[in-house]
Amino acid sequence: MREKLTPGQRWVSTSEPELGLGILLEAGSGRATILFTAAEEKRIFAVESAPILRVRFKVGDEVLIHTGETITIDQVISDDGLLTYHQGDQSFSEGELDDSISFSKPNDRLLGGQIDDLRTFNLRVESLFRSSKIRQSPVRGFLGGRIDLIPHQIAIAREVSSRLAPRVLLADEVGLGKTIEACLILHRLHLTGRAERVLIILPDPLVNQWFVELLRRFNLLFAIFDEARCRSIPGENPFLENQLILCSQEFLLENPERIPQVIEAGWDLLIVDEAHHLEWSPEEASEGYELVQALASETPSVLLLTATPQQLGAEGHFARLQLLDPHRYNDLEAFTAESDYYEQVADTIDLVQAGEQPDVCLLYTSPSPRDRG
């Protein structure tokens with residue numbers, strides 16, 4: 001700090017401009033003591049690194065003095081480090097300035113001459129520019145994880161995370177990396193601000209595995225919730241305590257009083273692993289299915305993971321699609337007919353590719369989705 005420190009000078013804190021004007025009480029031994037009268041705060045700063053700026057008004061500025069009067073400065077005189085402001089025949093020392101004068105707004109700081117060193121300004125501009133470039137990067141959220149990316153995983157993660165509020169079923173076969181795909185999508189959505197609050201529901205044996213993978217590979221620290229943890233948290237809804245939560249489906253179903261709480265907590269992203277265990281039929285739905293259905297209806301983004309979407313037959317596959325898009329999949333009979341039609345289309349394509357003559361009449365006589373619409 002090159003400014004000569006003289007008791008009585010007026011200074012402002014650049015880190016806390018809302019404190020108003022401060023008056024220098026004493027300086028020495030590398031320290032400066034400043035009293036902010038308006039805020040009734042006294043601060044001691046290290047002179048070499050103090051976040052403070054000298055308050056200097058110039059000719060033409062309108063300033064408020066302690067009597068409540070506003071003066072227009074037409075002359076400024078400096079005498080041994082102290083400033084005296086003049087308006088016509090009147091003179092006012094800088095100590096008579098109103099203590100509540102604040103430079104909290106950018107235009108106030110600029111008009112009051114409270115500007116940073118040019119090198120500091122350039123550094124801040126460069127930092128903001130580079131931060132903006134990073135935030136716009138198409139690979140943001142995909143890099144940084146301790147994983148070896150496989151082409152099909154990055155392709156799926158890129159496609160899903162490019163949607164504003166993705167609702168998808170990840171149904172890769174066992175060993176192809178559904179968990180990594182889900183974590184990549186979660187990581188990108190979280191870093192880009194589209195998934196601040198995330199709930200992951202798993203079978204009980206997988207809770208610790210997911211916790212370790214998320215922390216070790218993606219540096220995402222999730223809180224594991226069980227009944228003991230919920231009881232230890234004060235307040236009406238323990239699920240509001242953390243933003244990133246892991247819990248088992250068994251825990252929620254064994255403690256039904258927690259179900260309304262977890263639904264009311266509100267989430268940006270819901271992830272459910274081993275989704276094929278969610279049993280459903282036209283006559284009856286399991287408790288686990290109804291739990292996920294209630295959560296999915298209140299959550300913008302949903303990821304369901306299963307290696308065996310057809311394990312419970314066409315009905316089970318329809319039920320999981322219904323969790324993702326209940327308006328599109330609202331009729332099991334129509335879904336079954338549509339699936340049969342697409343199978344015939346696929347068989348016809350196989351015949352064409354094999355050089356054989358397909359039975360085109362079948363396609364015209366089959367009930368296509370458009371015909372049913």
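This chain uses plain numbering: 1 for the first residue, then up along the sequence. No experiment lies behind these values; they were computed from the predicted model shown.
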> Should the pair Trp280 and Tyr289 be assigned to parallel (<30°), tilted (30 to 60°) or perpendicular (>60°) ring geometry?
Replying inline: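 Tilted, since the angle between the ring planes falls between 30° and 60°.
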Main-chain N/O of [Y] paired with [X] side-chain donor or acceptor, under 3.5 Å:
{"X": "Thr192", "Y": "Arg188", "result": "yes"}
{"X": "Asn242", "Y": "Leu244", "result": "no"}
{"X": "Gln9", "Y": "Thr6", "result": "yes"}
{"X": "Glu279", "Y": "Ser286", "result": "no"}
{"X": "Arg320", "Y": "Ala275", "result": "yes"}
{"X": "Glu264", "Y": "Gln261", "result": "no"}
{"X": "Asp79", "Y": "Leu82", "result": "no"}
{"X": "Asp325", "Y": "Arg328", "result": "yes"}
{"X": "Arg167", "Y": "Leu324", "result": "yes"}
{"X": "Asp74", "Y": "Gly88", "result": "yes"}

Can you find a pair of side-chain heavy atoms, one from [X] and one from [Y], that are under 4.5 Å apart?
{"X": "Arg124", "Y": "Arg119", "answer": "no"}
{"X": "Arg197", "Y": "Leu240", "answer": "yes"}
{"X": "Ile71", "Y": "Glu62", "answer": "no"}
{"X": "Phe36", "Y": "Ser13", "answer": "yes"}
{"X": "Ile200", "Y": "Ile245", "answer": "no"}
{"X": "Ile23", "Y": "Leu21", "answer": "no"}
{"X": "Val262", "Y": "Leu295", "answer": "yes"}
{"X": "Asp350", "Y": "Val352", "answer": "no"}

> Glu274 and His276: side-chain donor and acceptor closer than 3.5 Å?
Replying inline: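 His276 and Glu274 do have a side-chain donor-acceptor pair below 3.5 Å.
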Transitively linked via ILVMFWY side-chain contacts under 4.5 Å: [X] with [Y]?
{"X": "Trp267", "Y": "Leu191", "value": "no"}
{"X": "Val198", "Y": "Val212", "value": "yes"}
{"X": "Leu189", "Y": "Leu221", "value": "yes"}
{"X": "Ile44", "Y": "Ile34", "value": "no"}
{"X": "Leu332", "Y": "Tyr329", "value": "yes"}

Heavy-atom pair with the smallest gap, counting every atom of [X] and [Y]:
{"X": "Ala265", "Y": "Asn237", "result": "N-ND2, 3.8 Å"}
{"X": "Gln87", "Y": "Thr70", "result": "OE1-O, 4.5 Å"}
{"X": "Leu252", "Y": "Cys247", "result": "CD1-SG, 3.8 Å"}
{"X": "Leu5", "Y": "Trp11", "result": "CD2-CZ2, 3.3 Å"}
{"X": "His190", "Y": "Leu220", "result": "CD2-CD2, 3.9 Å"}
{"X": "Ala157", "Y": "Leu184", "result": "CB-CB, 3.8 Å"}

Could you give the distance from [atom1] ([X]) to [atom2] ([Y]), rounded to the nearest 0.5 Å?
{"X": "Leu83", "Y": "Leu97", "atom1": "CG", "atom2": "CG", "value": "9.0 Å"}
{"X": "Glu159", "Y": "Ile154", "atom1": "CD", "atom2": "CD1", "value": "12.5 Å"}
{"X": "Glu287", "Y": "Leu278", "atom1": "CD", "atom2": "CG", "value": "12.5 Å"}
{"X": "Asn208", "Y": "Ser248", "atom1": "CG", "atom2": "OG", "value": "10.5 Å"}
{"X": "Asp273", "Y": "Gln209", "atom1": "CG", "atom2": "CD", "value": "8.5 Å"}
{"X": "Leu246", "Y": "Leu206", "atom1": "CG", "atom2": "CG", "value": "10.5 Å"}

Measuring centre to centre across the rings, with the benzene-like ring taken for any Trp, is [X] within less than 6.0 Å of [Y]?
{"X": "Phe225", "Y": "Phe251", "value": "no"}
{"X": "Phe318", "Y": "Phe335", "value": "yes"}
{"X": "Phe222", "Y": "Trp210", "value": "no"}

>> As a quick check of understanding, evaluate side chain to side chain contact (heavy atoms under 4.5 Å, CB included) for Val272 and Leu270, giving each step before the final call.
In response: CA-CA 7 Å; Val272 181; Leu270 169 68; 4.0 Å; yes
>> What I want to find out is whether Arg229 reaches Asp226 closely enough, with some N-O distance under 4.0 Å, to be called a salt bridge.
In response: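 No.
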>> Regarding Glu26 and Arg31, does a basic nitrogen lie under 4.0 Å from an acidic carboxylate oxygen?
In response: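 No.
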Residue [X] excluded, over 12 heavy atoms near [atom1] under 6.0 Å:
{"X": "Glu284", "atom1": "CD", "answer": "no"}
{"X": "Glu236", "atom1": "CD", "answer": "no"}
{"X": "Ile77", "atom1": "CD1", "answer": "yes"}
{"X": "Gln75", "atom1": "CD", "answer": "yes"}

> Passes side chain to side chain contact (heavy atoms under 4.5 Å, CB included), Ile180 versus Arg217? Steps please.
Replying inline: CA-CA 9 Å; Ile180 294 298; Arg217 297 185 183 275; 4.1 Å; yes
>> Arg43 vs Glu41, test: salt bridge (charged side-chain N to carboxylate O under 4.0 Å, His left out). Steps then yes/no.
In response: CA-CA 6 Å; Arg43 302 292 170 85; Glu41 294 279 350; 3.6 Å; yes
> After noting the C-alpha distance and the side-chain angles of Ile224 and Val207, does the key distance pass the side chain to side chain contact (heavy atoms under 4.5 Å, CB included) rule?
Replying inline: CA-CA 8 Å; Ile224 299 177; Val207 171; 3.7 Å; yes
> Given the rule in the side chain to side chain contact (heavy atoms under 4.5 Å, CB included) test, do Ile271 and Leu186 qualify, once you have shown the distances and angles that lead to the verdict?
Replying inline: CA-CA 9 Å; Ile271 300 177; Leu186 158 62; 4.2 Å; yes
>> Go through it in stages, so that I can follow the logic: the residues are Glu94 and Arg54, the test is salt bridge (charged side-chain N to carboxylate O under 4.0 Å, His left out), and I'd like the CA-CA distance, side-chain angles, deciding distance and then a yes or no.
In response: CA-CA 11 Å; Glu94 59 180 296; Arg54 180 82 159 90; 2.7 Å; yes
>> With salt bridge (charged side-chain N to carboxylate O under 4.0 Å, His left out) as the criterion, how do Asp98 and Arg10 come out once you've worked through the C-alpha distance, each side chain's angles and the decisive distance to 0.1 Å?
In response: CA-CA 10 Å; Asp98 190 272; Arg10 288 297 196 151; over 6 Å; no
